[in-house]
Each structure stands twice: as structure tokens, then as C-alpha cells.
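Sequential numbering from 1 along the given sequence is applied to the chain's residues.
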Amino acid sequence: MSYRGGGGGGRGRGSGRGRGGRNNHHNNNNNHHNNNNNNHHGRGGGDSTSAPPRFNPCRTFSSTGSCQNGQNCKFAHLIKHHAAIDASTTKQPNNNSFNQNNNYNNNGYNNQNQSSPHAVSTVALWENAGQLKMFSGAHDGSWRLWNPGNNFVQEAEHFMIPPEDQQQQQQQSGYNQSSSPKKTGKVNVVKIENNFLFVGFEGRCVSVPGVSVGMVHAWNLSSAQDPPLEFHMDRTTTSAPLKPGEKSLTPYAHAMGVSSLLVTKDMVVVSGSKDGTIRIWKFTTTNPAVATPGAVAPASPASEFLLLNTLFGHAREITGLVLINMSMIWSSSTDYTIRLWDANTGQCQHLITSAEEKTPPPGGNMLAPADRAKKGHTHAVTSLLVWKSEGGEFILSSSLDGKVMAWSAQAECVASEPNGRGVVCMAIAHTDAGNQPLLLCGLEHGNIMVRNLRQTPSTPAFCLLMTISSRFIQVGHAENTSVLSLTSGPHGTFYSGGSDGILNVWQFCGDFNLDK
């Protein structure tokens, strides 16, 4: 399977406003670096506190797909960069100051006195009728649909902010939206499940026009011309149906922007917000045509998502949500903690924190201060991931403390690995052969670390295999910008979105020889 970059023309479909790829894809075929054979390869790339990577990618092969040295090249031919797509619009400069110490929250070390792109915050893949499409979400308030099979042409574009605000959104600037209620619409997460597109974002509503709120919209992709289903917090499983002409008094899902979504195959949705709340929603319909998840018939006006429960406990933004054994919800937050919730009752069952143990364990004595291990992360927890292996089911967590930690389903830490810099996002990918799971870690300064997941006789778990850095291979996310999203695809492909406004398309190729 191969991919090609490049722009192209495309007309919008459905509710999107179509544009082509803008012909701004960075064409890698001109990046051969053949002026000096000793200068056209990648190098090391390990971050400050991590071990050196096992493989150093060849710059020419990574950027062009070929290398004149062939099998004699001393650098690894294991990854190709297929396209760099401009997947957002550009912010206008301002003179506002901001704190550069938190790259994750401040969208990269960008000089706000210069024009800079809106971040590409999320990517989801949609397989339909044998075709693969990509949805991306950006902090300019849009989601976009791309066609990888046709030079990544943009097929649709939809802005979540009202059309009358779009021009003002471009004129106003700055990352912090709290200063102006008009600067809303930032798309934080997109998910695809059962042929529905779910979008979590910051928006405005007529009920509270002075502030931004958290919203979730769901489009039935089988009938994309229909308006989306909206999640309203006053529409609960005990609510009476709305009368004709009656409107919701709280037509939003959360008090602040929606930052995380989890969607199950039976259409139960779990949403997390920047206000620290988690809500569980259930799809319901009186239309038999859509009573079965994945049905192709359009949703009727009687179809809606009703609020089942609200989970309180986190003190800051929800960054990750996973479901374990269909009964336990794990959530991560920028409050440095991970919480485990009973999915049926909504009760918090366990808290993973960096706080030292203050009471003795049952039947035991108080540990000496030097022996009190800090159990959890020591900085914002940025994502959660489930890995099912031959040894069982594990939950992986990442943090701005630079660590990736592995947990058993019983919340016992079984492994911890430093990455040298803060980890913003993760994904599990596979080589093109599909036999070796790889852990991708997107860092707060633009690098992507590739680690082994499954222990083999020659390779321990979490072994650093490769660092993907634009500093060395001259493709990828710009230095000192955050990798905000990682999504794996078929045939060894994966996709990364960053605060530099770029959606990168990658593919693993060759054999890492990890089983030997």
C-alpha cells in the first residue's frame, strides 16, 4: 500500500464547505539532500533522559521513499513520510503575553506577535464501502474530511462556530479564549463509531451568549445532509419528550469545552470537559430504522442522546477516557490524577495520584518517608490507552512529567518509562507486516518516539526503537511545537496532528527484527 502527497481540487459535500488540499502539501520529492552523502541521513534523536534509539532513520528514505545507497545505507529504512497537509487556518498576530513554560496548554512555543497556525488537535479514520477517509479537527473551529486515495484532497469542511463569527474569529487572535466570548468553536476531539461522526468542541448558544460552553454534535454519515444530533444536559433518561416548538433551556453538554470522548459500539458516549466533569450519554430513538447501532437509515427527529449520569471528582480538564471490561471507566486529567469509575453507578472506585501515602496499609505499618513511593504521575496526565496483549489487558498513561506508565486492570503500576520530555499523546501502531505492536509517543516539542510494546527475547518492553524528529530527517512537525494527536491506520500507517497546524501522514515499512 502506498500513499502520495500533494494538493488537489475538491468540492465540498454534505454540510461541509469544500476546498482542495490548497496545494500546500509539502512535497517531499524535492528533499533528496544529495549534495553531501555524509549529510543526508538522520541521527540519534534520543531525548535528554532516555536511552539512545536502536535505529536511526535515513533522512533521504524517510522523506522521499528511496535512498541511493540502498541496502548499503548505514541508516534505517523503516519509515516513510507521505504527506504534510495544511489542515487549519492561520491566526492573526497579537501582542498578548503568555506563559511559555507549558507547551501542552499553550499550543507550542509560538511567538504570538507573528502569524501562526491554529493547532490540528485530533484525527479519526472512517472506513466506508472499502474506502478510507480522514477526519481532522482544528482549533480554528472546524472539522475537515480528507481522501487519502486521491492525493489527500479535502472533500469537506465544516465550522462549528456560527458563520457570522468566522470573520471575527480570523481577525481576533490569541490562544486563550476566555478574553472574548466570540472566540469559540475550537474542535478538541473527533470520533467515528457506527457510521456516526462525533465532534467535541467549544461553542456558543443563545441561552448563555456571553461565554463559551462545551458541546457535542453527532452526524449520521449515512445521511450527512441532515443536521447533527446535539447533546443537551437537560435531556436526561427521565425527561419527557419535548413538545412541538419547545426548546432545551441548556442546549449544551458541559459548562466548558469538551476535551475528550469515548464511544462504545452500542452507542453509549462518555464525554469529558475542561471543567473536570464526565458525563455518560445513551442513544435512544423511536425510529426502528436506527434502533440498531450502525444502521444506515438517517436518524429521525425522535433520535437523541440522553444524559445517564454525571461523574464529579476531577479538578481540571479531562484528557483521556477508556472503558475496561465494559464496567470500569478510567479517566485522566491535568489535575495530575487518574480516576477509576464504576460505569453503572458512576461512583469513583480508585484514585491514582502522586500524593505520598499518609496512612498505613491494612494490617501494615506506616512506611518510612524514604520508602513512600509516589504512585502516579507528577504532572498533568495527558492521555490514556488500552493495550490488549497475550499477558492480559493493560492501561497506558502519558504525562507532562515525561513518563509513560503501564497499569493492570487492578490499578497496579507494572512499568514506567521516561521519555525525556513531556508526552502529550499516544497511539498503538503496527509494522506493515502487522505482527509487532509499536507504541507511539507524541512529545511536547515536536518529536515522536517509537517504542516496542511486547517483550521479546532480544527486545525489552518499552525499548526505544526510533525517534522521529524534523531536526534530523527534515520532515515532520516543527521543532518546539507539540504533537497533539496520533492515530494509527492500516498497513503500517499512522497520522499525527500538531500545534504547527500540520497533519502528517507516515508509514512504517521494513522489518524491525524484534522477534529475533
Side-chain angles (χ1 to χ4, degrees), residues 1-6 25-47 50-84 148-149 151-152 427-442 446-477 479 486 488-496 504-516:
M1 180 179 182
S2 62
Y3 281 128
R4 294 178 297 167
H25 303 311
H26 301 275
N27 188 346
N28 296 319
N29 293 328
N30 295 322
N31 294 332
H32 284 266
H33 304 286
N34 286 328
N35 294 331
N36 188 331
N37 288 338
N38 294 322
N39 199 30
H40 78 291
H41 297 292
R43 294 184 292 131
D47 282 272
S50 61
R54 178 172 293 187
F55 302 99
N56 295 319
C58 171
R59 179 186 301 174
T60 299
F61 183 86
S62 298
S63 60
T64 69
S66 63
C67 172
Q68 63 184 9
N69 293 327
Q71 295 182 351
N72 295 322
C73 182
K74 61 180 181 179
F75 294 90
H77 294 177
L78 293 173
I79 190 167
K80 298 178 183 178
H81 181 262
H82 289 291
N151 287 339
F152 300 97
I428 296 176
H430 290 80
T431 59
D432 197 9
N435 61 344
Q436 186 65 44
L438 304 174
L439 176 64
L440 310 179
C441 300
N447 287 0
I448 299 173
M449 301 188 98
V450 182
R451 294 186 176 276
N452 178 47
L453 262 181
R454 188 176 63 216
Q455 181 173 338
T456 69
S458 64
T459 309
F462 286 133
C463 173
L464 180 59
L465 302 176
M466 178 187 299
T467 297
I468 303 170
S469 171
S470 63
R471 178 183 178 186
F472 299 117
I473 63 174
Q474 298 191 346
V475 289
H477 295 287
E479 286 191 79
L486 285 166
S488 62
H491 305 288
T493 58
F494 67 96
Y495 310 81
S496 61
N504 283 302
V505 183
W506 309 86
Q507 185 176 24
F508 288 117
C509 51
D511 191 350
F512 283 80
N513 293 317
L514 301 181
D515 291 324
K516 296 181 179 180

Participant: Hey, what do you get for CE (M466) to CG (L440), rounding to the nearest 0.5 Å?
Facilitator: 10.5 Å
Participant: Please check: side-chain N/O of H477 versus main-chain N/O of E479, any donor-acceptor pairing under 3.5 Å?
Facilitator: no
Participant: Atom CG of N69 and atom CZ of F61: how far apart are they, to the nearest 0.5 Å?
Facilitator: 12.5 Å
Participant: Give the C-alpha distance, both sets of side-chain angles, the deciding distance and a yes or no for side-chain contact (heavy atoms from CB on, under 4.5 Å) between L438 and T431.
Facilitator: CA-CA 8 Å; L438 304 174; T431 59; 3.9 Å; yes
Participant: Please walk me through it: do F75 and C67 pass side-chain contact (heavy atoms from CB on, under 4.5 Å)?
Facilitator: CA-CA 10 Å; F75 294 90; C67 172; over 6 Å; no
Participant: Judged by atom type as modelled, is there a donor-acceptor pair below 3.5 Å linking the side chain of T456 to the main-chain atoms of L514?
Facilitator: yes
Participant: Roughly how far, to the nearest 0.5 Å, is OG of S62 from CG of N56?
Facilitator: 10.5 Å
Participant: Does any part of the side chain of Q68, heavy atoms only, come nearer than 4.5 Å to the side chain of T60, both counted from C-beta?
Facilitator: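 Not touching, per the 4.5 Å side-chain cut-off.
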Participant: Can you tell me how far apart CZ (R59) and CD1 (I473) are? Round to the nearest 0.5 Å.
Facilitator: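 CD1 of I473 is found 9.0 Å from CZ of R59.
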Participant: Going from CD1 on I468 to CD1 on I79, what distance comes out if it is rounded to the nearest 0.5 angstrom?
Facilitator: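 Answer for the CD1-CD1 pair, I468 versus I79, is 3.0 Å.
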Participant: Which pair of non-hydrogen atoms, one from L486 and one from C441, has the smallest distance, and what is that distance?
Facilitator: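 Here L486 and C441 meet closest at CD1-C, 3.9 Å.
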Participant: Which heavy atom of C463 sits nearest to which heavy atom of R54, and what is that distance?
Facilitator: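 C463 and R54 have their closest heavy atoms at SG-NH2, 3.9 Å.
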Participant: Quick one: are P148 and V505 in side-chain contact, heavy atoms under 4.5 Å?
Facilitator: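 Side-chain contact under 4.5 Å: no.
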Participant: Measure the spacing between CG of L453 and CZ of F462 and express it to the nearest 0.5 Å.
Facilitator: 6.0 Å
Participant: Compare every heavy atom of Q507 with every heavy atom of H491, then report the nearest pair and how far apart it is.
Facilitator: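 Minimum heavy-atom separation between H491 and Q507: O-NE2, 3.0 Å.
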Participant: Begin with the C-alpha distance, continue with both residues' side-chain angles, and end with the deciding distance and a verdict on side chain to side chain donor-acceptor pair (under 3.5 Å) for D511 and Q436.
Facilitator: CA-CA 9 Å; D511 191 350; Q436 186 65 44; over 6 Å; no
Participant: Can any side-chain N or O of S488 pair as donor or acceptor with the backbone N or O of I428 at less than 3.5 Å?
Facilitator: yes
Participant: Mind checking whether V450 and F508 have side chains closer than 4.5 Å, heavy atoms only?
Facilitator: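 Contact flag for V450/F508 side chains = yes.
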Participant: Any heavy-atom pair between the side chains of W506 and S496 that's under 4.5 Å?
Facilitator: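 A side-chain contact under 4.5 Å exists here.
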Participant: Flag the pair F512 / T459 as yes when at least one side-chain heavy-atom distance between them is below 4.5 Å, and no otherwise.
Facilitator: no
Participant: Go through the steps for N504 and H81 under the test side-chain contact (heavy atoms from CB on, under 4.5 Å), then give the verdict.
Facilitator: CA-CA 8 Å; N504 283 302; H81 181 262; 2.8 Å; yes
